[in-house]
Amino acid sequence: MVPSSAPLSLSAGLNADLHCHSTVSDGTQSPEWLAQHAHDNGVELWALTDHDEVGGIARARAAALALGLPFLAGVEISITWADKTVHIVGLGVDEQNPTLVEGLRRTRGGREARARDMAAQLAQAGIPGAFEGALHYVDNPDLISRSHFARFLVERGICKDMGDVFHHYLTEGKPGFVPHRWASLEDAVGWIRGAGGIAVIAHPARYGFPPLQEDALFDQFCALGGEGVEVVTGSHTPDECLRYRDRALASHLLASRGSDFHSPRESRLDLGTLPPLDAHLTPVWQRLASRIALPEGRVLA
Ligand code: AMP
Ligand code: MN
Ligand code: MN
Ligand code: MN
């Protein structure tokens with residue numbers, strides 16, 4: 001596609017894709033490949049949001065701008081809340097902010113020990129060699145993830161696909177699950193805000209919280225300065241998109257949209273192919289105008 005030179009209009013109908021992963025965390029494609037693919041698929045505003053890591057942002061931004069694609073720096077922070085893992089996406093962050101960088105470094109710490117414990121459990125369940133097997137898929141040695149173990153289990157023919165892995169392994173109560181303490185909600189929201197960004201609750205339907213507990217999560221998140229929720233994501237069914245549209249409207253939260261793309265082979269939704277945000281919502285990108293990196297010569301409408 002030819003890069004657009006028209007002023008960028010930050011409407012609800014914008015084809016923004018503000019959630020995806022590169023080889024810097026647990027995606028299978030490089031930041032440059034993702035920029036090209038987002039551009040080819042008609043994405044009009046793109047963010048890279050690797051897990052607990054901003055090491056791919058400079059490459060992603062350079063590649064996006066060279067293609068004429070407006071870009072937001074992002075990150076997806078793993079937190080522990082009510083003994084469960086929750087993900088908080090930060091959008092429009094300054095990826096060089098020292099408190100954010102140090103907080104993420106600490107959050108990543110412990111992944112290797114956790115991975116060794118996961119492998120020991122899998123060995124006990126009759127699957128040896130999982131640590132080395134998972135490492136084979138890891139690009140960033142600081143970020144060994146359950147996704148890398150999942151790829152190993154599929155490669156070995158132990159599971160048929162990623163969904164099958166997380167159904168039988170690596171989740172609570174199943175072999176290979178090792179509980180882990182991530183950052184706190186307060187830290188994640190604080191780091192994101194301190195770095196000039198907006199905090200967004202990622203794919204809320206994925207956590208399976210009962211309604212009262214989900215209310216408590218949203219209340220605490222807002223009280224700490226969190227402002228957004230992912231309404232349209234590759235992790236939500238159409239009904240779930242409606243449910244979180246209603247929550248965003250009722251709680252005056254900014255709405256985000258992102259595929260959570262990890263891999264052309266594994267991801268259900270491709271970059272830039274999500275349904276649009278409901279026109280009644282306030283898109284998070286409208287509050288991020290000053291944080292968008294624009295290609296040379298391009299202006300905001
Ligand atoms: P970790 O951060 O190491 O706990 O790994 C979590 C990652 O595993 C998520 O970001 C997803 O990429 C992947 N994952 C978790 N649950 C599933 C699932 N049910 N299906 C596919 N991928 C999953
Ligand atoms: Mn992931
Ligand atoms: Mn996530
Ligand atoms: Mn994600």
Side-chain angles (χ1 to χ4, degrees), residues 17-29 34 47-53 56 74-81 83-91 104 107-119 121-122 130-131 134-135 137-154 159-174 176-183 185 188 199-208 217 228-230 232-237 240 244 256-269 271:
D17 194 323
L18 306 184
H19 188 150
C20 72
H21 299 274
S22 76
T23 45
V24 168
S25 65
D26 63 345
T28 62
Q29 308 302 125
L34 293 167
L48 177 67
T49 55
D50 276 310
H51 296 285
D52 307 320
E53 172 70 271
V75 63
E76 182 176 21
I77 305 181
S78 313
I79 68 158
T80 301
W81 187 84
D83 289 331
K84 275 204 158 191
T85 299
V86 168
H87 288 167
I88 304 294
V89 163
L91 294 173
L104 295 179
T107 304
R108 290 192 300 271
R111 273 189 181 263
E112 183 179 334
R114 168 192 186 235
R116 290 192 186 279
D117 291 348
M118 287 166 61
Q121 264 195 39
L122 288 171
F131 183 78
L135 263 194
Y137 292 95
V138 172
D139 223 55
N140 176 359
D142 234 18
L143 216 125
I144 177 161
S145 142
R146 283 186 291 161
S147 304
H148 302 115
F149 280 85
R151 288 179 191 134
F152 162 76
L153 292 172
V154 172
C159 297
K160 72 175 189 326
D161 56 30
M162 300 290 274
D164 191 33
V165 172
F166 289 96
H167 199 67
H168 293 103
Y169 297 93
L170 312 183
T171 47
E172 212 168 330
K174 309 283 164 66
F177 179 73
V178 174
H180 194 72
R181 209 129 278 270
W182 302 104
L185 177 63
V200 172
I201 298 183
H203 44 61
R206 278 251 304 255
Y207 311 121
L217 171 65
V229 58
E230 278 186 350
V232 174
T233 127
S235 302
H236 283 176
T237 63
E240 289 164 346
Y244 291 97
S256 193
R257 175 179 189 264
S259 56
D260 206 356
F261 182 82
H262 282 69
S263 161
R265 287 176 299 285
E266 296 162 6
S267 292
R268 195 170 58 83
L269 263 186
L271 277 163

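Note that ligands are numbered from 1 as they come in the structure, with each ligand's atoms numbered from 1 the same way. Fair warning: this is a prediction, and the values are worked out from it, not measured in the lab.
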> How far is atom 2 (O) of ligand 1 from its nearest protein heavy atom, and which residue and atom is that?
Replying inline: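 Ranking protein heavy atoms by distance from atom 2 (O) of ligand 1, first comes R111 NH2, 3.1 Å.
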
> Looking at atom 9 (C) of ligand 1, what's its closest protein heavy atom, distance included?
Replying inline: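 Going atom by atom, the protein heavy atom closest to atom 9 (C) of ligand 1 ends up being D26 OD2, 4.0 Å.
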
>> Below 30° counts as parallel, above 60° as perpendicular, anything between as tilted: where do the rings of H19 and H203 land?
In response: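 If you compare the ring of H19 with that of H203, the planes turn out tilted.
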
> Using the ring of each side chain (for Trp, its six-membered ring), is H262 parallel, tilted or perpendicular to H51, with breaks at 30° and 60°?
Replying inline: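 Ring orientation of H262 relative to H51: tilted.
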
>> Let me check your reading of the structure: within less than 2.8 Å of the Mn ion (ligand 3), is there an N/O/S atom from H87?
In response: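 True for H87.
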
> Mind checking whether S78 has a heavy atom under 4.0 Å from ligand 1?
Replying inline: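 For ligand 1, residue contact (heavy atoms, under 4.0 Å) with S78 is absent.
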
> Looking from the Mn ion (ligand 2), what is the angle between NE2 on H262 and NE2 on H51, to the nearest 10°?
Replying inline: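 It comes to 120°.
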
>> Suppose you place the vertex at the Mn ion (ligand 3); what is the angle out to E76 OE2 and H203 NE2, to 10°?
In response: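 Nearest ten degrees: 100°.
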
> For the Mn ion (ligand 2), does an N/O/S atom of D260 lie at less than 2.8 Å?
Replying inline: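 No, D260 does not qualify, because none of its backbone or side-chain N, O or S atoms lies under 2.8 Å.
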
> Considering W182, F166, F177, which one's heavy-atom position lies nearest to atom 20 (N) of ligand 1?
Replying inline: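 Looking at heavy atoms only, the winner is F166.
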
> Backbone, side chain, both or neither: what part of E266 comes under 4.0 angstrom of ligand 1, heavy atoms only?
Replying inline: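 Contact part for E266 vs ligand 1: neither.
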
>> Which residue is it: T28, D26, T23? I am looking for the one with a side chain to side chain donor-acceptor pair (under 3.5 Å) to S263.
In response: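 Testing S263 for a side chain to side chain donor-acceptor pair (under 3.5 Å) against T28, D26, T23 leaves exactly one candidate, T28.
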
